[in-house]
Student: 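Before anything else, here's the structure in question.
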Amino acid sequence: MLNDVYSRRILELAADIPLQGTLTDAHGSAKAHSKLCGSTVTVHLKLDGNVVSAFAHEVKACALGQASSSIMGRNVIGSTAEELRALREDMHRMLKTGGAPPSGKWADLALLEPARDLKARHASILLTFDAVVDALAKAEAAGKEQAATAPST
């Protein structure tokens with residue numbers, strides 16, 4: 001079973017996380033932390049309308065958390081806020097209630113399906129999705145606040 005969970009591809013993804021770092025001019029940033037395992041993911045993003053136009057993240061997690069963050073980093077730019085919120089729900093369903101894994105550009109997330117039976121690993125896997133959704137909310141709130149205080153012409 002552990003060979004299924006920690007497959008060669010999962011370990012390759014964990015070892016190659018794109019877009020690591022910070023964005024000093026991010027529209028929204030958020031940190032997600034698992035008390036259970038100590039993993040932490042901090043994300044920074046910029047929006048162009050409701051589409052992610054720039055992204056960076058700092059990942060301090062186990063191999064499964066690193067792999068999910070790696071897949072996020074490979075696909076997040078160009079994704080809409082609605083798509084990313086739905087993705088978080090799809091991942092929760094996949095791990096918690098046996099739902100189908102995401103498809104399309106997110107199909108690599110199916111590699112994490114064998115972790116369904118390892119409840120202690122769910123939090124680490126889900127950190128990137130929770131942080132992205134939180135950062136989106138912060139970016140959207142900041143955008144609304146900016147629009148409300150902008151001088152009318």
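The analysis underlying the following values was restricted to heavy atoms, covering all of them including side chains, and did not include hydrogens, waters or symmetry mates.
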Student: Working note: I77 + L19, criterion side-chain contact (heavy atoms from CB on, under 4.5 Å); need CA distance, chi angles, decisive distance, verdict.
Tutor: CA-CA 10 Å; I77 294 176; L19 306 177; 3.9 Å; yes
Student: Taking atom OG1 of T128 and atom CG of L109, what is their separation to the nearest 0.5 Å?
Tutor: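 Reported to 0.5 Å precision, the distance equals 9.5 Å.
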Student: With the side chain counted from C-beta on, respond yes when L136 and V52 share a heavy-atom pair under 4.5 Å apart, and no when they do not.
Tutor: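 Side chain of L136 against side chain of V52, heavy atoms only: contact under 4.5 Å found.
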Student: Please find the pair of heavy atoms, one from G28 and one from A139, that lie closest to each other, and give the distance.
Tutor: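 In this case the closest contact between G28 and A139 is N-CB, 3.8 Å.
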Student: Taking all non-hydrogen atoms of both residues, which atom of L36 and which atom of A120 are closest, and how far apart?
Tutor: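 Taking every non-hydrogen atom into account, CD2-O, 3.4 Å.
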Student: Rounded to the nearest 0.5 Å, how far apart are NE2 of H33 and NZ of K60?
Tutor: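 So the NE2 of H33 and the NZ of K60 are separated by 11.5 Å.
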Student: Is V133 reachable from L127 through a run of I, L, V, M, F, W or Y residues, each pair having side-chain heavy atoms under 4.5 Å apart?
Tutor: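 Each belongs to a different hydrophobic cluster.
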Student: Below 4.5 Å, heavy atoms only, C-beta onward: do V132 and R88 meet side chain to side chain?
Tutor: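 Heavy-atom side-chain distance check fails, nothing below 4.5 Å.
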Student: Minimum heavy-atom separation for P102 to M94, with atom names?
Tutor: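 Taking every non-hydrogen atom into account, CD-SD, 4.1 Å.
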Student: State, to 0.1 Å, how close L45 and A135 come at their nearest heavy-atom pair, and which atoms those are.
Tutor: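 Heavy atoms of L45 and A135 come nearest at CD2-CB, 3.8 Å.
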Student: Atom CD1 of I71 and atom CD1 of I17: how far apart are they, to the nearest 0.5 Å?
Tutor: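 One gets 10.5 Å once the value is rounded to the nearest 0.5 Å.
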Student: Taking S68 for the side chain and G65 for the main chain, is one N or O donor matched with an acceptor at less than 3.5 Å?
Tutor: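 Yes: the side chain of S68 pairs with the backbone of G65.
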Student: For residues 79-135, which residue pairs pass the ring pair (Phe, Tyr, Trp, His ring centres under 6.0 Å) check, not counting sequence neighbours?
Tutor: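 Found none.
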Student: State, to 0.1 Å, how close A67 and I10 come at their nearest heavy-atom pair, and which atoms those are.
Tutor: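 Minimum heavy-atom contact is CB-O, 3.8 Å.
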Student: With no hydrogens and no angle check, is any side-chain donor or acceptor of S69 less than 3.5 Å from a backbone partner on Q66?
Tutor: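 Answer holds: no.
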Student: Passes side-chain contact (heavy atoms from CB on, under 4.5 Å), M91 versus L112? Steps please.
Tutor: CA-CA 9 Å; M91 286 301 294; L112 296 162; 4.2 Å; yes
Student: For residues L95 and I125, determine if any side-chain heavy atom of one lies less than 4.5 Å from a side-chain heavy atom of the other.
Tutor: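 Yes, at least one pair of side-chain atoms sits under 4.5 Å.
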Student: Heavy-atom count check: over 12 atoms from other residues, nucleotides or ligands less than 6.0 Å from D48 CG?
Tutor: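 Counting other residues, nucleotides and ligands, CG of D48 stays at 12 neighbours or fewer.
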Student: To the nearest 0.5 angstrom, please state how far the CD atom of E58 sits from the OG1 atom of T40.
Tutor: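 It comes to 10.0 Å.
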Student: Taking 4.0 angstrom as the limit, do R85 and E82 come out as a salt bridge?
Tutor: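 Looking at R85 and E82, the cut-off is not met.
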Student: Restricting to non-hydrogen atoms, name the atom on G73 and the atom on P18 that form the minimum distance, rounded to 0.1 Å.
Tutor: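 So the two residues come closest at C-CG, 3.7 Å.
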Student: Do L23 and L47 sit in one hydrophobic cluster, given that two such residues count as connected whenever their side-chain heavy atoms are within less than 4.5 Å of each other, even indirectly?
Tutor: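 Different hydrophobic clusters.
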Student: Say whether, by atom type as modelled, one donor and one acceptor occur between the side chain of H44 and the main chain of T22 under 3.5 angstrom.
Tutor: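 Between the backbone of T22 and the side chain of H44 there is no qualifying donor-acceptor contact (under 3.5 Å).
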Student: Of all residues at least two apart in sequence or in a different chain, which pass the ring-ring contact (aromatic ring centres under 6.0 Å, His included) check with H57?
Tutor: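 H57 satisfies ring-ring contact (aromatic ring centres under 6.0 Å, His included) with F55 only.
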Student: Donor-acceptor pair, R74 side chain versus K105 backbone, under 3.5 Å?
Tutor: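 A pair under 3.5 Å: no.
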Student: Take K96 and L126, measure what side-chain contact (heavy atoms from CB on, under 4.5 Å) needs, and give me the verdict at the end.
Tutor: CA-CA 11 Å; K96 306 280 188 196; L126 295 170; 4.2 Å; yes
Student: Answer yes or no: is there a donor N or O on one side and an acceptor on the other, between the side chain of S70 and the main chain of D16, under 3.5 Å?
Tutor: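 Yes, because the side chain of S70 sits within donor-acceptor range (under 3.5 Å) of the backbone of D16.
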Student: With sequence neighbours excluded, what pairs up with T42 under the side chain to side chain donor-acceptor pair (under 3.5 Å) test?
Tutor: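 Expected list: none.
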Student: Group every Ile, Leu, Val, Met, Phe, Trp and Tyr by side-chain heavy-atom contacts under 4.5 Å, then state whether Y6 and L13 land in the same group.
Tutor: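 In one cluster with Y6: L13, yes.
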